[in-house]
Number of protein chains: 2
Amino acid sequence: MRYLLVEDNRELADAIVNRLALDGHAVDHAASLADAEDCLAAAQYDLILLDVMLPDGDGRDFLTRSRAHLETPVIVLTARSQVSDRVGALDQGADDYITKPFDFSELEARCRAVLRRRGGEARNEIALGNAIFDPLAGTLRHGEQTIDLRNREIRLLEVFARHRGQILSKSQLMDRLFSYDAEVTENAIEVYVGRLRRRIDGMDLRIETVRGLGYRMETGEA
Amino acid sequence: MRYLLVEDNRELADAIVNRLALDGHAVDHAASLADAEDCLAAAQYDLILLDVMLPDGDGRDFLTRSRAHLETPVIVLTARSQVSDRVGALDQGADDYITKPFDFSELEARCRAVLRRRGGEARNEIALGNAIFDPLAGTLRHGEQTIDLRNREIRLLEVFARHRGQILSKSQLMDRLFSYDAEVTENAIEVYVGRLRRRIDGMDLRIETVRGLGYRMETGEA
DNA sequence: ACAAAGCTGACACAAGCCTGACACGGCCGA
DNA sequence: TCGGCCGTGTCAGGCTTGTGTCAGCTTTGT
């Protein structure tokens with residue numbers, strides 16, 4: 001998927017770009033409305049993330065103007081204090097909004113939801129070997145039993161599930177699980193992988209250790 | 001089926017028209033109340049989708065005025081779940097309501113439900129474990145007893161009911177329960193979940209806490 | 001065989017959640 | 001108009017539990 005992020009706060013923008021890039025999305029960054037126009041003229045986007053406070057104007061005006069000839073779904077990023085910003089965002093054609101500060105995982109979830117809504121219905125369950133993982137429900141079904149996973153386990157499994165067979169380094173996984181300012185040891189990842197392994201024990205699904213590089217999830221028996 | 005959509009937001013209107021057209025329905029689009037009057041005078045509709053915020057007046061007033069000589073069922077589209085919007089809409093003769101942003105699949109489902117109801121069939125009740133929830137009446141029946149829920153409880157339970165088994169974050173729930181400009185703490189959600197839990201105690205229906213992520217409603221015993 | 005890397009049981013802690021009590025305001029009846 | 005009631009949202013304090021660290025052990029590669 002190709003995203004356009006319109007956001008003037010450099011730091012936040014970089015964080016979002018990096019984060020979404022981890023999901024395999026191409027994200028272009030525009031720091032102003034003028035930039036955004038250029039990008040829109042040059043490429044076709046699947047989703048636009050639009051800040052409302054921009055150096056050269058209000059994102060909402062932009063939204064109103066573009067809506068007529070723009071089909072791409074838009075998620076508006078607003079600051080919590082700016083109450084009036086949120087008011088009417090949807091009426092002006094936004095598909096959803098999210099208030100800063102937000103969790104990246106929530107942003108991702110909303111992106112997915114909006115894209116899903118646009119693209120018609122799509123169940124969001126992921127087959128993992130002989131088990132079924134439902135990231136929205138946070139559950140893992142295997143035969144009769146359904147296990148409820150916890151926050152970190154869900155997030156971790158989701159990353160693995162979306163990058164099956166791929167080696168993921170501990171630092172990559174940390175980026176997905178923890179916020180930027182969180183100071184966490186890599187050992188935490190080892191711990192969570194361990195916990196997750198115990199959860200998926202018995203399913204034909206395993207997380208292999210690639211010494212020195214990271215972990216890789218594989219489905220199917222050894 | 002022939003629908004009339006009264007909605008001034010161009011983008012949203014187009015999306016709805018397209019979507020319903022896929023189901024083989026004929027959908028006329030009116031961007032204002034005046035337009036709507038013209039359409040109603042000119043053709044016979046099976047269902048009306050009515051936005052409340054329109055350039056030339058309030059959809060609800062229109063509803064009140066037309067109800068006297070109009071038998072066609074109406075579904076009101078409200079921006080966010082202003083309680084008063086919902087209550088007012090139903091009192092003024094709406095058959096159902098849906099809050100933006102909504103899934104198209106949900107809109108379709110409600111259209112079907114309303115048409116079915118008009119056709120003399122069952123009410124729009126939702127089975128929840130061994131209880132029956134009527135979101136329009138705001139009641140929950142369980143065996144002999146029928147409990148009346150309060151506004152917030154109804155809305156909350158409705159969200160849960162329509163997303164059964166899915167984890168809903170507090171901010172998602174807030175979006176559903178409160179209007180844009182309401183400044184409400186997430187704690188309010190905790191409180192309402194607590195109150196709702198007490199209501200559904202004894203039915204095989206429970207709201208689980210997913211620490212750090214939100215809540216999830218499950219039916220069926222443990 | 002040695003060091004580096006990974007695993008894991010136990011633990012302490014704070015984030016997150018729950019809940020009783022309360023204050024506010026709208027609504028209705030008197 | 002007044003007063004009481006009911007629904008609502010906040011708050012503070014207590015409690016729960018997921019979480020990340022640590023220490024010591026095991027595994028792996030060279």
Side-chain angles (χ1 to χ4, degrees), chain A residues 80 83 101 103 105-106 138-139 147-157 160 167-201 206-217, chain B residues 80-88 91 138-140 147-158 160 167-201 206-217:
Chain A
R80 187 168 297 277
V83 174
D103 239 27
S105 51
E106 182 165 354
T139 57
I147 355 183
D148 295 333
L149 300 173
R150 318 198 256 204
N151 185 6
R152 292 271 122 100
E153 294 166 350
I154 297 168
R155 310 259 288 274
L156 186 59
L157 183 54
F160 278 123
I167 296 176
L168 298 164
S169 73
K170 277 183 239 184
S171 70
Q172 272 179 306
L173 293 171
M174 281 178 58
D175 285 349
R176 305 297 268 92
L177 286 195
F178 306 104
S179 64
Y180 283 78
D181 48 355
E183 303 197 9
V184 186
T185 329
E186 293 210 334
N187 178 260
I189 297 297
E190 296 169 13
V191 171
Y192 284 116
V193 168
R195 285 173 183 163
L196 191 53
R197 274 178 175 150
R198 212 168 301 167
R199 299 289 213 163
I200 64 177
D201 191 49
R206 71 217 112 82
I207 299 172
E208 292 169 349
T209 303
V210 186
R211 195 158 237 262
L213 293 179
Y215 299 93
R216 176 179 50 203
M217 199 180 82
Chain B
R80 285 306 144 150
S81 43
Q82 224 125 24
V83 177
S84 52
D85 277 2
R86 173 186 169 275
V87 171
D91 285 348
T139 57
L140 194 55
I147 12 183
D148 290 326
L149 299 174
R150 315 203 262 219
N151 261 303
R152 291 270 119 105
E153 293 166 351
I154 298 167
R155 305 231 13 98
L156 185 60
L157 183 54
E158 191 179 10
F160 277 123
I167 297 174
L168 298 166
S169 73
K170 276 183 256 193
S171 72
Q172 273 177 302
L173 293 171
M174 282 178 57
D175 284 352
R176 295 290 186 173
L177 287 194
F178 305 105
S179 63
Y180 290 121
D181 49 355
E183 304 211 13
V184 185
T185 329
E186 294 208 333
N187 178 261
I189 297 296
E190 296 169 14
V191 171
Y192 284 116
V193 167
R195 287 172 183 165
L196 190 53
R197 272 179 176 150
R198 214 167 299 167
R199 300 290 213 160
I200 64 177
D201 190 50
R206 74 215 111 85
I207 300 172
E208 291 168 351
T209 302
V210 185
R211 201 158 238 260
L213 291 180
Y215 299 94
R216 176 180 51 205
M217 199 181 82

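Chain naming here is simple, since letters A, B, ... match the order of the sequence lines and numbering starts at 1 in each. As the structure is a prediction and not an experimental result, all values here were calculated from the model.
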(request) Take the protein atom OH of Tyr192(B) and the nucleotide atom P of dG20(C), then report the distance between them rounded to whole Å. (result) 16 Å
(message) Output the rounded distance in Å from CZ (Arg152(A)) to P (dG18(D)).
(response) 13 Å
(request) Please list, chain by chain and in numerical order, all residues satisfying side-chain hydrogen bond (donor to acceptor under 3.5 Å, both in side chains) with Thr185(A), sequence neighbours excluded. (result) none
(message) How many whole angstroms separate atom CD1 of Ile189(A) from atom C1' of dA5(C)?
(response) 15 Å
(message) Leu196(B) and side-chain contact (heavy atoms from CB on, under 4.5 Å): which single residue from Leu156(B), Asp201(B), Val191(B), Leu140(B) fits?
(response) Leu156(B)
(request) Work out which heavy atom in Ile167(B) is nearest to a heavy atom in Gln172(B); give both atom names and the distance. (result) O-OE1, 3.9 Å
(message) I want to check one thing: is the phosphate of dG16(C), taken as OP1 and OP2, less than 4.0 Å away from some side-chain N or O of Tyr215(B)?
(response) no
(message) If you compare every side-chain N and O of Thr185(A) against the phosphate oxygens of dT21(D) (OP1, OP2), does one of them come in below 4.0 Å?
(response) yes
(request) Return the value, rounded to whole Å, for the distance between atom CG of Leu177(A) and atom C1' of dT19(D). (result) 12 Å
(request) Could you check whether Val184(A) gets within reach of a base, just the sugar-phosphate, or nothing at all, counting any heavy atom under 4.0 Å? (result) sugar-phosphate
(request) Work out which heavy atom in Leu177(B) is nearest to a heavy atom in Arg155(B); give both atom names and the distance. (result) CD2-CB, 3.3 Å
(request) Decide yes or no on side chain to side chain contact (heavy atoms under 4.5 Å, CB included) for Arg150(B) and Arg199(B), but give the supporting numbers first. (result) CA-CA 10 Å; Arg150(B) 315 203 262 219; Arg199(B) 300 290 213 160; 3.6 Å; yes
(message) Using heavy-atom distances to pick each residue's nearest nucleotide on DNA chain D, tell me which of Glu190(B) and Glu153(A) is more 5'.
(response) Glu190(B)
(request) Check whether any side-chain N or O of Arg155(A) sits under 4.0 Å from OP1 or OP2 of dT19(D), and answer yes or no. (result) no
(request) With the side chain of Arg150(A) defined as its heavy atoms from C-beta on, choose the nearest nucleotide among dC18(C), dG18(D), dC11(D). (result) dG18(D)
(request) Tell me which of Asn187(B) and Thr209(A) sits closer to the 5' end of DNA chain C, going by the nucleotide each one is nearest to. (result) Thr209(A)
(message) A side-chain contact here means heavy atoms from C-beta on lying under 4.5 Å apart; do Asn187(B) and Glu190(B) qualify?
(response) yes
(message) Under the side-chain contact (heavy atoms from CB on, under 4.5 Å) test against Phe160(A), which residue among Arg176(A), Arg216(A), Met217(A) passes?
(response) Met217(A)
(request) Can you tell me the distance, in whole Å, between the CD atom of Glu208(A) and the P atom of dT27(D)? (result) 18 Å
(message) From CG of Asp201(B) over to P of dT19(C), roughly how many Å is that when rounded to an integer?
(response) 11 Å
(request) May I ask you to evaluate whether Arg197(A) reaches the phosphate of dT8(C), defined as a side-chain N or O under 4.0 Å from OP1 or OP2? (result) no
(request) Determine whether any donor atom in the side chain of Arg195(A) lies under 3.5 Å from an acceptor atom in the base of dG9(C), or the reverse, and answer yes or no. (result) no
(request) Please report how far the helix from dA1(C)-dT30(D) to dA30(C)-dT1(D) bends, comparing the axis fitted to its first five pairs with the axis fitted to its last five, to the nearest 10 degrees. (result) 40°
(message) Should the side chain of Arg211(B) and the base of dG16(C) be counted as holding a donor-acceptor pair, with the cut-off at 3.5 Å?
(response) yes
(message) Strictly below 4.0 Å: does Lys170(B) bring a side-chain N or O up to OP1 or OP2 of dC17(C)?
(response) yes
(request) Using atom types as modelled and distance alone, determine if a side-chain donor or acceptor of Arg197(A) lies under 3.5 Å from a backbone N or O of Ile207(A). (result) yes
(message) Any base atoms under 4.0 Å from Glu186(A), or only sugar-phosphate, or nothing? Heavy atoms, all strands.
(response) nothing
(request) Using only heavy-atom distances, decide whether a donor-acceptor pair under 3.5 angstrom links the side-chain of Asn151(A) to the base of dT17(D). (result) no
(message) From CG of Leu196(A) over to P of dT8(C), roughly how many Å is that when rounded to an integer?
(response) 12 Å
(message) Could you tell me how far apart Leu213(B) (CG) and dT17(D) (C1') are, to the nearest whole angstrom?
(response) 14 Å
